[in-house]
Number of protein chains: 2
Amino acid sequence: MHSRDVFAADCPVRPIFDDITSRWATLVVGLLANRPHRFSELASAIGGISEKMLSQTLKALTRDGLVDRAVTPTVPIQVTYSLTALGADLATHLVGLVAWVDRHTDRIHEAQATYDEDTPVPPAVANRRRGGA
Amino acid sequence: MHSRDVFAADCPVRPIFDDITSRWATLVVGLLANRPHRFSELASAIGGISEKMLSQTLKALTRDGLVDRAVTPTVPIQVTYSLTALGADLATHLVGLVAWVDRHTDRIHEAQATYDEDTPVPPAVANRRRGGA
DNA sequence: CTGAATCCGGTTCGATACTG
DNA sequence: CAGTATCGAACCGGATTCAG
């Protein structure tokens with residue numbers, strides 16, 4: 001039986017979980033689930049990502065054994081990223097979760113709207129993410 | 001048909017996805033999946049969480065219609081949090097994902113160790129989260 | 001092309017203290 | 001008990017710059 005105490009502050013699954021659910025990791029995995037991609041392909045396919053974040057995300061994923069990094073020593077070096085078997089397995093869960101959110105996004109938006117109406121004071125909560133100014 | 005372009009920078013599922021996969025939200029949902037909890041119960045059950053973060057997480061989840069907040073006006077006020085039907089549905093996916101990570105944590109740790117060995121320069125990557133001195 | 005390193009602003013987070 | 005206000009520190013993340 002597995003099941004460590006996920007609720008313990010030092011539970012080892014937390015950092016890994018953070019890796020794979022990080023803002024960009026999900027999108028990278030989602031893209032690689034279809035087919036291998038080159039660095040620049042990923043960069044242009046994922047709206048709003050910076051090279052730094054892409055590089056960082058890819059490195060973390062590779063380190064976790066979820067993504068495979070293949071270097072082709074052509075004139076301008078070419079690097080292709082793909083999912084490992086482990087990564088592919090994870091991908092199914094991840095895309096499933098994203099699909100769930102996608103399916104329920106409208107309902108959630110309604111809930112948010114209702115909540116914001118019923119909230120007397122200016123909702124500071126609504127500002128989470130998407131930092132203005 | 002659903003399926004917005006998840007890869008677009010302004011895709012509306014992103015902020016929601018961030019809400020539910022935030023470090024603490026997953027744990028809160030995981031706990032509420034078993035049974036309703038009071039504020040202080042959650043606070044003590046989740047190792048390392050601060051009141052501020054718990055409050056914030058709970059508020060976001062409630063706003064998203066995933067968690068229900070019930071106030072019992074006893075002498076010392078009593079507040080009980082539970083999952084809504086929507087939240088319960090989400091919980092299955094979430095705990096499934098956590099369980100997956102739990103199942104593969106050892107393998108991932110091996111991958112990390114191997115990666116770190118093969119990496120000549122001191123791995124700055126390894127420091128992500130869990131910030132050491 | 002791929003990616004690492006640096007700089008630096010903004011946001012988030014945690015600890016504490018305080019209110020209802 | 002339940003939660004908010006404030007403060008300071010840590011971190012994230014973007015733009016830029018440089019190297020292989």
Side-chain angles (χ1 to χ4, degrees), chain A residues 9 14-15 18-19 21-25 27-28 36-63 67-81 119-133, chain B residues 9 14-15 18-19 21-25 27-28 36-63 67-81 119-133:
Chain A
R14 285 201 194 174
D18 287 346
D19 275 353
T21 60
S22 76
R23 183 149 37 170
W24 305 116
L27 298 173
V28 169
H37 283 71
R38 307 237 317 261
F39 185 87
S40 52
E41 284 182 311
L42 292 171
S44 61
I46 301 175
I49 196 173
S50 66
E51 288 184 3
K52 178 187 176 182
M53 283 300 101
L54 178 56
S55 175
Q56 208 169 82
T57 301
L58 247 13
K59 187 175 292 187
L61 255 21
T62 301
R63 188 173 101 100
V67 163
D68 183 65
R69 181 176 183 274
V71 182
T72 307
T74 49
V75 183
I77 284 184
Q78 201 167 321
V79 182
T80 304
Y81 293 93
T119 301
V121 281
V125 194
N127 301 344
R128 302 207 347 133
R129 300 288 179 193
R130 214 50 217 159
Chain B
R14 286 202 194 174
D18 287 345
D19 275 353
T21 58
S22 77
R23 179 146 44 163
W24 306 115
L27 298 173
V28 169
H37 283 71
R38 308 234 317 256
F39 185 88
S40 52
E41 284 183 310
L42 292 171
S44 60
I46 301 175
I49 196 171
S50 66
E51 289 184 2
K52 180 186 175 182
M53 280 302 99
L54 178 56
S55 176
Q56 209 169 84
T57 302
L58 247 12
K59 189 173 291 186
L61 254 21
T62 301
R63 188 172 101 99
V67 163
D68 184 63
R69 181 177 182 275
V71 181
T72 307
T74 50
V75 182
I77 283 183
Q78 203 167 317
V79 182
T80 303
Y81 293 92
T119 301
V121 282
V125 194
N127 300 344
R128 303 208 348 136
R129 300 286 179 194
R130 212 58 215 152

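Below, chain A is the first sequence line, B the second, and so on; all start at residue 1. Computed from a prediction, not measured in an experiment: that's the story for all the values here.
A straight line from CZ of A:Arg23 to P of C:dT12 spans 9 Å, rounded to a whole angstrom. Here the C1' atom of nucleotide C:dC1 and the CZ atom of A:Phe39 are 9 Å apart, to the nearest Å. Between A:Asp18 atom CG and D:dG13 atom P there is a gap of 11 Å when expressed in whole angstrom units. Atom C1' of nucleotide C:dT12 and atom CG of B:Asp19 are separated by 14 Å, given to the nearest angstrom. Distance B:His37 NE2 to D:dC1 P: 15 Å, rounded to the nearest Å. The distance between atom CE of B:Met53 and atom P of D:dA2, rounded to the nearest whole Å, is 19 Å. A:Arg14 has its CZ atom 13 Å from the P atom of C:dC13, to the nearest Å. Rounded to a whole Å, the CG atom of A:Leu61 is 13 Å from the P atom of C:dG3.
Phosphate proximity of C:dC13 to B:Gln56: present, with a side-chain N or O under 4.0 Å from OP1 or OP2. Between A:Arg69 and C:dT2, a side-chain N or O to OP1/OP2 separation shorter than 4.0 Å is absent. Between B:Tyr81 and D:dC1 there is no side-chain N or O to OP1 or OP2 distance below 4.0 Å. The side chain of B:Arg38 places no N or O atom within less than 4.0 Å of a non-bridging phosphate oxygen (OP1 or OP2) of D:dG3. At least one side-chain nitrogen or oxygen of B:Ser55 sits closer than 4.0 Å to the OP1 or OP2 atom of D:dT4. In this structure, B:Trp24 does not reach the C:dT12 phosphate: none of its side-chain N or O atoms is under 4.0 Å from OP1 or OP2.
A:Leu54 and A:Val28 get closest at one heavy-atom pair: CD1-CG2, 4.0 Å. Taking every heavy atom of both residues into account, B:Ala25 and B:Asp19 meet most closely at CB-O, 3.1 Å. Closest approach of A:Pro36 to A:Thr80, counting heavy atoms only: CB-CG2, 3.7 Å. Here the closest non-hydrogen pair linking B:Gly48 and A:Ala9 is N-CB, 4.0 Å.
With sequence neighbours excluded, the residues satisfying side chain to side chain contact (heavy atoms under 4.5 Å, CB included) with B:Val71 are B:Arg69, B:Ile77, B:Val79. A:Ser50 pairs by the side chain to side chain contact (heavy atoms under 4.5 Å, CB included) definition with A:Lys52, A:Met53, not counting sequence neighbours.
A heavy-atom distance below 4.5 Å is found between the side chains of B:Leu58 and B:Phe39.
With axes fitted over five pairs at each extremity, the angle between the ends of the helix from C:dC1-D:dG20 to C:dG20-D:dC1 is 40° (10° resolution).
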Quiz prompt | side chain to side chain contact (heavy atoms under 4.5 Å, CB included) assessment of B:Leu27 paired with B:Thr57 | solution = CA-CA 10 Å; B:Leu27 298 173; B:Thr57 302; over 6 Å; no
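Near DNA chain D, defined here as any heavy-atom distance below 4.0 Å, the residues from residues 41-48 of chain A are A:Gly48, listed numerically.
Sorted by first and then second residue, the salt bridge (charged side-chain N to carboxylate O under 4.0 Å, His left out) pairs with a member in residues 38-49 of chain A read A:Arg35-A:Glu41; sequence neighbours excluded.
Here the OG-CD distance, from A:Ser40 to A:Glu51, works out to 9.5 Å after rounding to the nearest 0.5 Å.
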For nucleotides 15-20 of chain D, print each protein N/O atom paired with a nucleotide N/O atom at under 3.5 Å, atom names and distance only.
none

